[in-house]
2 protein chains.
Amino acid sequence: MAVEIGPSPEMYLKSLFELTRGHAPVPISALAERLGHSVVSATEMVHRLERRGLVAHEPYRGARLTSDGATHARTLLRRHRLWERFLTDELNLPWESVHDLACQLEHAVGEEVTEALDRRLGIPATCPHGNPIPRSGPTPAASARTLADMKPGEHAELEAVHPESGPVLAYLAQHGLRPGAAFSLESIEPTDGLRVIGVSSTRVAFGPELAARLRVRPASGPGRGGGARGDERRA
Amino acid sequence: MAVEIGPSPEMYLKSLFELTRGHAPVPISALAERLGHSVVSATEMVHRLERRGLVAHEPYRGARLTSDGATHARTLLRRHRLWERFLTDELNLPWESVHDLACQLEHAVGEEVTEALDRRLGIPATCPHGNPIPRSGPTPAASARTLADMKPGEHAELEAVHPESGPVLAYLAQHGLRPGAAFSLESIEPTDGLRVIGVSSTRVAFGPELAARLRVRPASGPGRGGGARGDERRA
DNA sequence: ATGTAGTTTAAGGTCGACCTTAAACAAGGT
DNA sequence: ACCTTGTTTAAGGTCGACCTTAAACTACAT
Ligand SMILES: [Mn+2]
Ligand SMILES: [Mn+2]
Ligand SMILES: [Mn+2]
Ligand SMILES: [Mn+2]
């Protein structure tokens, strides 16, 4: 148990987990891109992780987490999101910064601290960006629907940003967009597929790339304007 | 600013700081021993740190922190002790574990988080083990007196454990010894210089090595028995 | 003054985590 | 069937952070 593994291998596991859609293996090139590494380096690392039994590599198709690897990845995601909650809720650090900060902390703690933190925070259900905090038992399935899937005229509410990344969060923060914000899709520009949405009297545009990262759910409280606080916790 | 420096070099700076007595340079062998590295490796690292301008090496005498190095070391000690307070006060983790846990966290955060944490904790004055938390302005001088300096019959109160280390803290915890605990030195065994102290009806023995790491101050509330809670905070 | 203990340098190694360039290869669409 | 694109392997490099063994050296105490 505990398996001694460094920050870098851990980031590979986490990324692999995040990039996985269904059962399909993740092309190493996708991994490499996500991490900003060369494809060759990513291949090397995948091999190392394979030797450790955390990853299964199907040549020319991609890499897949073993169940050990997936467990470890979930643990990391858990730590990451708990730290995010701590940083926002307890330290009042900005919503758009905590992702990167938590990305350091996640590698610096073990089970003892993680579980104590969880209790301390009141066993929160999601991170500040709307993603569920893994716990024992299956993680509640996030809505598969994204802004990219919406049709003009539709109303919805932002559920989560996934996958997260500093720049994306910064862009959203700039426009006051947070999980819980209600909005409507006003138009899809034919060229480039830009999505223009209306949030509380403002208009914000998203490229298709970004749009696919905004998980969306049917608007709950209809009318409920605003767009700021979406701190959903409950266990 | 910010100088990008990894966990390992950081540990060297911290150790150097802790081992420094007055103005004297610290023999590299002492550094090596503290870190559990070979002397050759420690020498290498000292050279690297010298190139970065964080350490000054006087051949055959030892290494000394430059003012840049000392600043960095103080920062680390600050982070370390703040995390310790967090782990004990907020997460209720055991007094004797938090040192090692904080030793990971101290390398995973920058100024932003550190300062927010400090505010959150109410600007504590010391770590759970009695050592002052560095802040801007000179650090209040810790008492130079240790258990090793006491004479049989003397009464005193434990101020701090310095330098800290897992095993030492574990030993103290085992006997219910904490900063704030009042005790008397009952005897110094002629052979081996064992110190036997009396704390609230128990007797505990310390070798000279350990005794020198227990900082001591004149007992404050005379009579005040017990020996547990010594959570001194105040700014 | 000399010797011993502590210190530094030299030399050679390992391993992880990155890089580049270039060649070999396989999958899948046309 | 073929070709293009994406993938893997090979080869060679760098750098940090550790290790060992062995030789050179210096400070200091006797
Ligand atoms: Mn990370
Ligand atoms: Mn998040
Ligand atoms: Mn440390
Ligand atoms: Mn402490």
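Chain identifiers are assigned alphabetically (A, B, ...) following the order of the sequence lines, protein sequences preceding nucleic acid strands; residue numbering begins at 1 within each chain. Hydrogens, waters and symmetry mates are skipped; everything else that's a heavy atom, side chains included, is used.
- The backbone N or O of B:His57 sits less than 3.5 Å from a side-chain atom of B:Glu50, completing a donor-acceptor pair.
- At the phosphate of C:dC19, OP1 or OP2 sits under 4.0 Å from a side-chain N or O atom of A:Ser41.
- Under 4.0 angstrom from either OP1 or OP2 of D:dT8 there lies at least one side-chain N or O belonging to A:His57.
- In the set D:dA17, D:dT20, C:dC18, D:dA17 carries the atom at the smallest distance from any side-chain atom of B:Met45.
- You'll find that the side chain of B:Tyr60 is closest to D:dA27, out of C:dA26, D:dA17, D:dA27.
- Proximity note for A:Arg48 (side chain, C-beta onward) versus C:dG16, D:dT7, C:dT7: the nearest is C:dG16.
- Nearest-nucleotide mapping onto DNA chain C: of A:Tyr12 and A:Pro59, the residue sitting toward the 5' end is A:Tyr12.
- A donor-acceptor pair is defined here as one N or O able to donate and one able to accept, closer than 3.5 Å; no such pair exists between the side chain of A:Arg79 and the backbone of A:Thr114.
- Classified by interplanar angle (parallel below 30°, tilted 30° to 60°, perpendicular above 60°), the ring pair A:Tyr171/A:Phe206 is perpendicular.
- In the set C:dA17, C:dT9, C:dC18, C:dC18 carries the atom at the smallest distance from any side-chain atom of A:His37.
- In this structure, A:Arg52 places its CZ atom 7 Å from P of C:dG16, rounding to the nearest Å.
- The CD1-P distance, from B:Ile28 to D:dC25, rounds to 18 Å in whole Å.
- Within the structure, a side-chain polar atom (N or O) of A:Ser29 is placed less than 4.0 Å from OP1 or OP2 of D:dT7.
- Nearest to the side chain of A:Pro9, among D:dT20, C:dA17, C:dT8, sits C:dA17.
- In this structure, the CD atom of B:Glu50 is 14 Å from the C1' atom of C:dT7, given to the nearest Å.
- For the pair A:His72 (side chain) and A:Asp68 (backbone), a donor-acceptor distance under 3.5 Å is absent.
- Where B:Glu44 and A:Ser8 meet DNA chain C, the nucleotide closest to each residue was compared, and B:Glu44 sits on the side nearer the 5' end.
- Toward the 5' end of DNA chain D, the nearer of the two residues B:Ala42 and B:Arg51, judged by each one's closest nucleotide, is B:Arg51.
- For the pair B:His47 and C:dT9, the criterion of a side-chain N or O lying under 4.0 Å from OP1 or OP2 is met.
- The one candidate from A:Arg178, A:Arg215, A:Arg213, A:Arg217 that meets the salt bridge (charged side-chain N to carboxylate O under 4.0 Å, His left out) condition with A:Glu159 is A:Arg217.
- For B:Arg61 and D:dC28, the shortest distance from a side-chain N or O to OP1 or OP2 is below 4.0 Å.
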